[in-house]
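Have a look at the structure below, then the notes.
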Protein chains: 2
Amino acid sequence: MTNVPAKRNTRQKDAVRHALSEATGFVSAQQLHLVLRNHGSTIGLATVYRALADLAEAGEADSLQGASGESLYRACTTDHHHHLICRVCGLTLEIEAHRVETWADEVAAAHGFSSPSHTIDIFGVCAACRS
Amino acid sequence: MTNVPAKRNTRQKDAVRHALSEATGFVSAQQLHLVLRNHGSTIGLATVYRALADLAEAGEADSLQGASGESLYRACTTDHHHHLICRVCGLTLEIEAHRVETWADEVAAAHGFSSPSHTIDIFGVCAACRS
DNA sequence: ACTGTTATTGACAACGATTATCAATAGCGT
DNA sequence: ACGCTATTGATAATCGTTGTCAATAACAGT
């Protein structure tokens with residue numbers, strides 16, 4: 001049997017979870033670390049990275065690659081969805097994409113690919129930033 | 001007038017262009033640098049990065065973020081398209097996605113977003129790697 | 001073809017984001 | 001409360017990438 005070490009619930013993982021849910025739009029691990037420190041926490045940077053990786057794996061957070069290559073995270077409802085992101089202010093809307101989900105799976109299947117996954121994100125400039 | 005310095009054609013930029021066109025699927029700047037050195041070139045790593053950035057900007061190369069966050073490049077025809085990529089062997093197929101292009105633009109417009117762009121990539125395990 | 005200007009090169013240092021290390025701490029089952 | 005061990009936090013190390021700068025080589029003008 002594959003003996004995976006049991007996960008423990010810690011204050012700092014909760015703190016990250018909470019800080020992430022407070023944040024608007026996507027945040028980097030470093031930003032989150034800074035926020036936590038400013039709120040009086042003594043949490044370490046490495047811990048924030050580990051907590052975010054865990055949350056993402058557990059499906060509690062969405063992750064995507066920012067423009068300059070860093071990983072950005074966002075609290076997330078457990079169902080699958082994609083994002084419409086403002087290039088200027090970072091405003092993020094969750095969009096639902098049945099049509100595209102099935103399209104992606106069809107394309108994969110048509111070419112003999114199995115266990116398909118995909119990355120789909122739409123960027124633009126929101127109405128507010130337009131003016 | 002915005003006086004942008006003129007670009008020059010150099011052997012090393014051609015070498016990168018050529019090496020990129022020889023490569024199958026996506027390659028990183030470092031891989032390309034290694035290939036060029038193995039072929040006897042004395043090209044510098046920084047030059048490969050610069051050449052790839054230029055090619056990508058000129059529309060001669062596609063770039064996308066690899067699983068571990070690095071930038072990957074691929075020679076590319078000038079028309080817009082997306083990719084179906086094997087997670088195991090890196091086999092890459094260009095796919096055409098009219099349906100999704102228009103969908104993405106519609107979604108952006110519906111939410112008041114202008115100048116829409118998008119990143120759409122499908123990953124899976126190809127038939128060959130399946131066995 | 002010769003020359004001068006200056007974009008480009010290549011070796012290396014510097015940088016930012018992330019991950020590994022490791023002793024100290026603190027969850028959780030008993 | 002006790003003991004085992006997953007987790008923490010400070011720091012060093014790593015990785016991909018970009019900046020620096022003297023030396024080189026493209027191109028325009030002659």
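FYI, side chains are in, hydrogens and waters are out, and symmetry mates aren't considered; it's all heavy atoms of this structure. In what follows, chains carry the letters A, B, and so on, assigned in the order in which the sequence lines appear, proteins first and then strands, with residues in each chain numbered from 1.
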* Structure fact -> Span of DNA chain D engaged by chain A, first through last nucleotide within the 4.0 Å heavy-atom cut-off, is dT5(D) to dA10(D)
* With a non-hydrogen cut-off below 4.0 angstrom, is T42(A) in contact with a base, only sugar-phosphate, or nothing? -> sugar-phosphate
* Asked: So what does S28(B) hit on the nucleic acid, given a heavy-atom distance under 4.0 Å: a base, only sugar-phosphate, or nothing?
  ->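 Touches nothing.
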* **Spacing of L34(A) atom CG and S41(A) atom OG [to the nearest 0.5 Å]** => 11.5 Å
* To do: Let me know, please, whether A29(A) or R50(A) comes out on the 5' side of the other along DNA chain C by nearest nucleotide.
  => A29(A)
* Report yes if some heavy atom in the side chain of L52(A) is under 4.5 Å from a heavy atom in the side chain of V48(A); otherwise report no. =>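 The answer is yes; the side chains approach within 4.5 Å.
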* To do: Taking the side chain as every heavy atom from C-beta outward, state whether F26(A) and L64(A) have any atom pair closer than 4.5 Å.
  =>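 Side chain of F26(A) against side chain of L64(A), heavy atoms only: contact under 4.5 Å found.
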* Scan V16(B), T42(B), L45(B) and name whichever one has a side-chain contact (heavy atoms from CB on, under 4.5 Å) with L36(B). =>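 Of V16(B), T42(B), L45(B), side-chain contact (heavy atoms from CB on, under 4.5 Å) with L36(B) is met by V16(B) alone.
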* Asked: Would E96(A) and H98(A) count as having a side-chain donor-acceptor pair, cut-off 3.5 Å?
  ->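 Present: a donor and an acceptor within the cut-off.
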* Asked: Pick the nucleotide of DNA chain D nearest each of R8(B) and A46(B); which residue has the one closer to the 5' end?
  ->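 Final value for this comparison: A46(B).
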* To do: Between T10(B) and T47(A), just flag the one whose closest nucleotide in DNA chain D comes earlier from the 5' side.
  =>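 It is T47(A) whose nearest nucleotide is closer to the 5' end.
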* To do: Specify whether H82(A) and H118(A) have parallel, tilted or perpendicular ring planes, treating 30° as the upper limit for parallel and 60° as the lower limit for perpendicular.
  => tilted
* Trace of the salt bridge (Lys or Arg N to Asp or Glu O under 4.0 Å) decision for E60(A) with R74(A) -> CA-CA 9 Å; E60(A) 294 186 56; R74(A) 181 168 200 258; over 6 Å; no
* R130(A) side chain to V125(A) main-chain N or O, any donor-acceptor pair under 3.5 Å? -> no
* Earliest and latest nucleotide of DNA chain C, 5' to 3', sitting under 4.0 Å from a non-hydrogen atom of chain B? -> dT6(C) to dA11(C)
